> 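What follows is a structure written as structure tokens; I'll ask about it next.
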Number of protein chains: 2
Amino acid sequence: MGYSIGQVSKKMGLTAHTLRYYEKEGLLPFVKKNGAGLRVFSDNDLGWLELIECLKGTGMTLKGIKQYIDWFQEGDSTLKQRLEMFKEQKVKLKEQMARLEKYMERIDYKIAYYNEVIAHGEKGIWDRNPGLKAARERIYGKRG
Amino acid sequence: MGYSIGQVSKKMGLTAHTLRYYEKEGLLPFVKKNGAGLRVFSDNDLGWLELIECLKGTGMTLKGIKQYIDWFQEGDSTLKQRLEMFKEQKVKLKEQMARLEKYMERIDYKIAYYNEVIAHGEKGIWDRNPGLKAARERIYGKRG
DNA sequence: ATAAACTTTAGAGTTAACTCGAGGTCAACT
DNA sequence: AGTTGACCTCGAGTTAACTCTAAAGTTTAT
């Protein structure tokens, strides 16, 4: 029910330093301290950390995340802003996913290319492997 | 056949400053200069910039990208390293894509949640909308 | 009871990746 | 001839997000 900073550090894959830094930046306004001044994280705090991970992982800055947390703390008057923020984040995320698909194609091509060159040398590679040639042209256009 | 730094800047969405910075860091070893000392980018250079974008976009640092370019310039003796690098990058990219799918679920949930709260208030939300409740439990587990 | 392990704060330092500014060259218009 | 605009180099400055240190207090294990 209550976790030390070290336990949370392990669970979330963040250093204790980073957790304190996040708190200092206003990202963890709900974390309590016990009588001795040690932080005690609740399950709810872990939920916030997962949300922070999600937003950070989809390209939001800590400042943007803090904005959301501030809105949350302001209460119901900011519901629309918060919804809007997630909608924007979803658009960005979809773009990002599309970009990664493209990158994956390019990397797959590179892997196929290097496999081919390592196996049979560079000479005559396009005649030998028309599929690779097609992939190359799909990705790079005429040039390369 | 030859592009100025300004043209490349527009084409690639990078500032001229950034392009010069990349060159200084050893990421564009093939860019030529004309008699007046102005950079002249070729189509091949644009290809390199696209690869840089791809590797950067899949989480590689500029230092890592430079490593690849150095290997490339060393010639055939580094073919295996280069293949290995792309294979590793592919693994990371797959992980990243899986992470983004998770994040998308969470964001979709948040959007559904805020839509519901804005439309009908927070009271009785779980009874009113069992699908939302199920989504919530799928994403957050027991807590929230 | 005492050592080892963990946590605290405040503040300084680091890293990656830009980002900018000053001062200068050069070609093209007016 | 002068102005405009794009380009050059060099070096300094900025930003985000950590990352670390020191000195002190707390908890846990023997």
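Numbered from 1 within each chain, the chains take letters A, B, ... in sequence-line order. These figures come from a predicted structure and were not determined experimentally.
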> Classify the nucleic acid contact of B:T15 as base, sugar-phosphate or nothing, counting any heavy atom under 4.0 Å across all strands shown.
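No contact.
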> Round to the nearest Å and state the distance from A:Y22 atom OH to D:dA17 atom P.
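Whole-Å distance recorded here is 8 Å.
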> Report the residues that fulfil side chain to side chain contact (heavy atoms under 4.5 Å, CB included) with A:T78, sequence neighbours left out, ordered by chain and then residue number.
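For A:T78, the residues satisfying side chain to side chain contact (heavy atoms under 4.5 Å, CB included) (neighbours in sequence not counted) are A:W71, A:E74, A:Q81, A:R82.
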> Round to a whole Å and report the spacing from CD of B:Q7 to C1' of D:dG5.
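For the pair B:Q7 CD and D:dG5 C1', the rounded distance is 14 Å.
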> Rounded to whole Å, how long is the line connecting atom CG of A:L28 with atom C1' of C:dT8?
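Spelled out: CG on A:L28 to C1' on C:dT8 is 16 Å.
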> Return the value, rounded to whole Å, for the distance between atom CD1 of A:I5 and atom C1' of C:dT8.
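Spelled out: CD1 on A:I5 to C1' on C:dT8 is 9 Å.
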> Is it the case that the side chain of A:Q73 and the backbone of A:D70 share a donor-acceptor pair, with hydrogens and angles ignored and the cut-off at 3.5 Å?
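Side chain of A:Q73 to backbone of A:D70: no pair is present.
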> Any heavy-atom pair between the side chains of A:F86 and B:Y113 that's under 4.5 Å?
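B:Y113 vs A:F86: side chains apart.
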> Please determine whether a side-chain nitrogen or oxygen atom of B:R39 lies at a distance below 4.0 Å from atom OP1 or OP2 of D:dC7.
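Answer no for this pair, as no side-chain N or O of B:R39 is under 4.0 Å from OP1 or OP2.
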> What's the NZ-P distance between A:K63 and D:dC18, to the nearest Å?
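Going from A:K63 (NZ) to D:dC18 (P), I get 16 Å.
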> In terms of side-chain heavy atoms of B:L38, which of D:dC8, C:dT7, C:dG21 is nearest?
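Minimum distance to the B:L38 side chain belongs to D:dC8.
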> Which part of the nucleic acid, if any, lies within reach of B:K33 when heavy atoms closer than 4.0 Å are counted: base, sugar-phosphate only, or nothing?
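Sugar-phosphate only.
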> Do the ring centers of B:W48 and B:Y22 come within less than 6.0 Å of each other?
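That pair fails the under 6.0 Å test.
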> Show the nearest heavy-atom pair for residues B:I65 and B:K56, with the distance to one decimal.
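So the two residues come closest at CD1-N, 3.9 Å.
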> What is the distance, to the nearest angstrom, from the CD atom on B:E23 to the P atom on C:dA17?
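These atoms are roughly 18 Å apart.
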> Taking the nucleotide of DNA chain D with the closest heavy atom to each, which residue, A:T18 or A:N34, is nearer the 5' end?
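Final value for this comparison: A:T18.
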> In whole Å, what is the span from the NZ atom of A:K24 to the C1' atom of D:dA16?
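In whole Å, D:dA16 C1' lies 13 Å from A:K24 NZ.
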> For a quick test of reading the model: is some side-chain N or O of B:K10 closer than 4.0 Å to OP1 or OP2 of D:dA6?
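Checking B:K10 against D:dA6: no side-chain N or O falls below 4.0 Å of OP1 or OP2.
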> Could you tell me whether B:R20 contacts a base, only the sugar-phosphate backbone, or nothing, with contacts defined as non-hydrogen atoms closer than 4.0 Å?
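B:R20: base contact, heavy atoms under 4.0 Å.
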> Over how many whole Å does the gap from A:Y21 atom OH to D:dT15 atom C1' extend?
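In whole Å, D:dT15 C1' and A:Y21 OH are 10 Å from each other.
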> Report the nucleotide, chosen from D:dT27, D:dT19, D:dA17, that has the shortest atom-to-atom distance to any side-chain atom of A:L62.
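Closest nucleotide among those given: D:dA17.
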> Under 4.0 Å between a side-chain N or O of B:S4 and OP1 or OP2 of D:dC7?
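Yes, B:S4 has a side-chain N/O under 4.0 Å of OP1/OP2 on D:dC7.
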> With DNA chain C as reference, determine whether B:A36 or B:K56 sits nearer its 5' end, using the nearest nucleotide of each.
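With B:A36 and B:K56 compared, the 5'-side residue is B:K56.
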